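Contents: one structure, followed by commentary.
Below, each value reflects all heavy atoms present in this structure, side chains not excepted, and no hydrogens, waters or symmetry copies. In this text the structure is predicted, and so the values were computed from the model without any measurement.
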Amino acid sequence: MLLWVSVLVLAPVSGQFEAVPKAVISLHPPWTVFFKGEAVTLTCHVSHIYTAKNRELYQWYLGTEILREIPGNTLKVQDSGEYKCQTQNSLLSDGVTLIFSTAKLILQAPPSVFEGDSVTLKCQANVDLALKNKTLYKNGKMLKILDESSSFHIQQAGLKDNGEYHCAGSEINCSFSSNRIKIQVQELFPHPVLRSRPSWTTSGKQLTLICETQLPPQKSDAQLQFRFFRDGQIVEAGSKNFLKIQNPSSGMSKGPSYYWCEAHTVTSNVCKKSQKSQIHVEVPVSHPVLTLSPPRAQALEGLRVTLHCEARRGSPPILYQFYHGDVLLRGRSAHTAGGASFSITLTAESSGKYSCTADNGFGPQRSDTRSLSVTVPASRPILTLRVPGTRAVVGDVMELHCEVHKGSPPILYRFYHDDVLLGSRWPPSGRGTSFNLPLTPEHSGSYACEADNGLGAQRSDTASLRVTVPASRPVLTFRVPGTQAVVGDVMELHCEAHRGSPPILYRFYHDDVFLGSSSAPSGGRASFNLSLTPEHSGSYACEADNGLGAQRSEVVPLNVTVPASRPILTLRAPGDQAFPGDVMELHCEAHRGSPPILYRFYHDNVILGSSSVPSGGGASFNLSLTAEHTGNYSCEADNGLGAQCSETVTLSISGGRTSDPSRNPSNSDPQEPTYYNVPGWIELQPVYSNVNPKGGDVVYSEVRRIQEGNKHAVASDSALRLLWTYLPSHGPIASPQPYSAQGSSVIYSQVKAESFLTSTAESAHTPCTPSNLGGQRH
C-alpha cells in the first residue's frame, strides 16, 4: 500500500529569486556627516554575476539629477545631498544622505546598522576648537563621557541600541552640541522558513527540506551557516541550506516527527530558527456520499434542506464543495472527520441534481448525484382579455389568457364569467393557457381565472368587459299631428336602432341631403323636428352609428299634403246673356292643393253636383238653364284638409232674346266662339266692348248678338257666351276693335275678379258653410 506524505509549508520569502539585482552604496570613511571641505568616497556595488560579464557605466545621481556617468564604481564627493547609483542591469540603489557641516561639533555614524554589527560613533570637533571634554547622549540622557579618542563602540548591535544620539562639549564659557543621529537597528535576515520539495511524495521516495531566508543587499557578502533538527536532534549542519531525507513514512508507528532549521552568522552572534513542521502520512479522500435532510425527492418551496457531504476516508483538512448541476453553491473546509453540511431554502429554481466533491490536496472526488424536485404552489394568476380591435364587439372571438409567474406543473386553469365556469385547460408546460370565446351581447360582465396545481387554487383579479353591439339597421317613422303630413305641420322624424351599444349618433336625410343629427348617450332612439313646406315631399332615411359602422334605414317616402286654396268659380255661357235653354259651364279651380281634390257646385247654397280631380287642376259642371237658375252660385274645393269656398257669383237669366241697338260697342274684337252642349250649331260672330271705360273694380262684358243669314238655321237663332273679361290691374285681354252692325242685342252682367272684386260682390256673397248648405256639403 502506497503512503502519501507532505510537509507543512510556510509562506515564501519575497526576493529570494529576484532576477534583477539592486545596487548598494558604501562609504569611505563610513560616515554620513563631515566637516565642510572634507571628502568622502562612494562605491556602487552590484552583484558580480552581472558586472563580470558586462563592463557597464555607472550612473550617479544627486537628488533626481544625473550627477555623473563613469566606467568606475567609485565617486569622491564634497557636497551635501542624497546620492544614488545604478547600472543598466541593476535597480536603482537606496539613497544615502551626506551632510557637509559648518558646525563646530559633529557626531558621525554609519548610514545603516544591522543586528550583530560592530558600530562606532565618533564625536568630532573642528580643528580650531579645543574642548576640555565630550559627552555622548542617547535619547537626551547622558550615555558616556568620551575619552580622548572621542569614540563610542557598540560590539553587537541589537534592538536595545535603537535611539537618538548626539554629543556635546564645552570650552571656556562656551558649550557646543552636535547634530542628532537616529540609529535604527535593522534585521540582518528574517527567521528561516522550512519548505519541502516536492510538497508531498509517496512512501519510500526522497524528500528535500529547504531552510529559506535572505540577507539584505547591504549584507549580501555575509556568510550564513545552517542546522537541521528532527525532534530536537541535529540531523545536519553546514553551509548548505537543504536536507534530503529518505522514506519519511518510516518510523510512523511512533507518530509523526517534527522538523525545523536554524540559520546563523559565522561568528554566531546572530542566530534564528524556523517554526517546527510535522511530517505525517496523508490519506487521499475516498468517494464522498451526499445526503439530503429531510430525505425527500420532492419538497415544497420555502422548505429548508440540509446537504451533507462526507468522505469516509481522507486526511484532514478536507475541502467539501456542493454543486447544483454544474454550478458551485458553497465550499466548506473540515479539519476533522465527519464531513461538512450546507443548508438552502428551496425556491422554484432549486429543482435539479445535486452533488458534492471532497479534496484534501490529492485531487477532488465527486459523489453520486441526488435529484430534488421542488413543488412550487401556483402564484396568483394574471388574466388578460384579448380582442382583435380596440373594443370588444359582438361576433369577435375573444381570447382569455391566464398565466402564473411561478408554479409547478401540471396546473389546471379555470375560466369564469360572472362566477359561472366557462371552461378549463391543462397546459403541458403549466405556464399559461388561453380560452377562446365568440362574443355575444350577453358576454358583458366580469371575468376571472383560477390556477390550481393541487396546492390550493389561486384566483386572478377580476377583469371587466363591455361587449359593444353594433347598431342594428334603424327604423325611421314619421309623426305628424294628423293622419297626413300637411304644410305647416311640425313633423317629428323618429329614428331607432333596436340593438346597439350607446352612445349612438343618429343622422337624418331628405333625398340624401343631410338634415341634422342627434345623439343618444344611453342608447335608444332620437328625433328630429321639421316644419313642413311643400318642398319637403320626397324620400327620407336615417343612419345609426356607434362607431362600428353606420347603418342606414330603409327609405320612407313622404308626401306633404298642401291644403286646397280658395277656388275661383267661373260661369261660361254660349252667348253674352244667359237664356233659358242655354247650357252653362260652371268651372271651379283651386290654384294650390294636393290632389285628389273634390269640387262641389252650389246654387243658392244647394248642391248641384260634384266632380273629383285625381291629378289636380280644376273641374267643370254643365247646367241646362231654366228661369229658376237665376241666383247665387259658388263652389268648394276639398282635398281632405278642410273645404275651401269660392266667392259667390250672381247670375241673371233673361226672359227672351231681343235686340238692343242702343248698346253699340265702342271697341270690338271678333273671336271664334266656343260652344258647350248646344242643341244646334249657329255660327255667331260675337263682338265685345268695355262698357265701363273709366275702369274700377267692376268689369262689364258686353256681347252683341249678330245673325248672319240662315247658315245655321237648324239650330236656335242665337247663342250667348261670356268671353271677355277686363281686369283693372292687367288691362283688356284683347285689343278692342270698332264694330257696327244692325240686328244685334246687348247683354251685360257684373263679374268680380278673384283678387279685388270684394267691394262689388260682397253684398251678394254667402259663404259656403255647412250651415247654409243644408248639410249637403261633403
If you measure from CG on L465 to OG1 on T462, what distance do you get to the nearest 0.5 Å?
12.5 Å

Between G609 and F621 the two heavy atoms that sit nearest each other are CA-CE1, 4.1 Å

Above 12 or not: heavy atoms from other molecules or residues under 6.0 Å from CZ of R592?
no

For residues 531-540, the side chain to side chain donor-acceptor pair (under 3.5 Å) pairs (sequence neighbours left out) are T533-E535, T533-H536

Measure the spacing between CZ of R466 and CZ of R391 and express it to the nearest 0.5 Å.
7.5 Å

Write down the atom of F478, the atom of L558, and the distance for their closest heavy-atom approach.
CE1-CB, 3.7 Å

Test your reading of the model: is there a side-chain donor-acceptor pair from S527 to the backbone of H494, 3.5 Å cut-off?
no

Would D419 and R459 pass as an ion pair if we require N to O under 4.0 Å?
yes

Donor-acceptor check, side chain of Y416 to backbone of G423, threshold 3.5 angstrom: yes or no?
no

Side-chain heavy atoms of L476 within contact of C542, under 4.5 Å:
yes

On a heavy-atom basis, the closest approach of H629 and I653 is CB-CD1, 3.3 Å

Could you go through S612 and Y599, starting from their C-alpha distance and side-chain angles, then the distance that decides it, and tell me whether this counts as side-chain contact (heavy atoms from CB on, under 4.5 Å)?
CA-CA 6 Å; S612 179; Y599 290 96; over 6 Å; no

Applying salt bridge (charged side-chain N to carboxylate O under 4.0 Å, His left out), can you list everything that pairs with E496, at least two apart in sequence or on another chain?
none

Donor-acceptor under 3.5 Å (S379 side chain, H405 main chain):
yes

Would a 4.5 Å heavy-atom cut-off, applied to side chains only, mark L623 and L586 as touching?
yes

Are D545 and R552 within salt-bridge range, i.e. N to O under 4.0 Å?
no

Looking at D461 and R380, is there a salt bridge between them, counting it only when a charged N and a carboxylate O are closer than 4.0 Å?
yes

Contact between C495 and V475 at the side-chain level, heavy atoms closer than 4.5 Å - yes or no?
no

Can you measure from CD (E399) to CG (N436) and round to the nearest 0.5 angstrom?
6.0 Å

Indicate the atoms forming the closest heavy-atom contact of R525 with A520, along with that distance.
O-CB, 3.9 Å

Smallest separation among heavy atoms of P595 and P614, with atom names
CB-O, 2.9 Å

What pairs with Y633 under ring pair (Phe, Tyr, Trp, His ring centres under 6.0 Å), at least two apart in sequence or on another chain?
H603

Check P567 against S646 and note the closest heavy-atom contact, atom names and distance.
O-CB, 3.2 Å

List the steps, then state whether side-chain contact (heavy atoms from CB on, under 4.5 Å) holds for V487 with L532.
CA-CA 5 Å; V487 168; L532 295 178; 5.6 Å; no

Applying side-chain contact (heavy atoms from CB on, under 4.5 Å), run through Q484 and L641 and close with a yes or a no.
CA-CA 9 Å; Q484 51 187 325; L641 300 176; 3.5 Å; yes

Any chance you could lay out the side-chain contact (heavy atoms from CB on, under 4.5 Å) test for V387 and V393, step after step, and finish with the verdict?
CA-CA 8 Å; V387 292; V393 181; over 6 Å; no

Using a 3.5 Å distance criterion without hydrogens, assess whether the side chain of D604 forms a donor-acceptor pair with backbone atoms of N632.
yes

Straight-line distance of T630 OG1 to L625 CG, nearest 0.5 Å:
8.5 Å

CD1 of I607 to SG of C635: how many Å apart, nearest 0.5 Å?
11.5 Å

Would you check if the side chain of N639 reaches a backbone N or O of S594 as a donor-acceptor pair within less than 3.5 Å?
yes

Using only atom types and a distance under 3.5 Å, with no angle test, would you say the side chain of S460 pairs donor to acceptor with the backbone of I382?
no

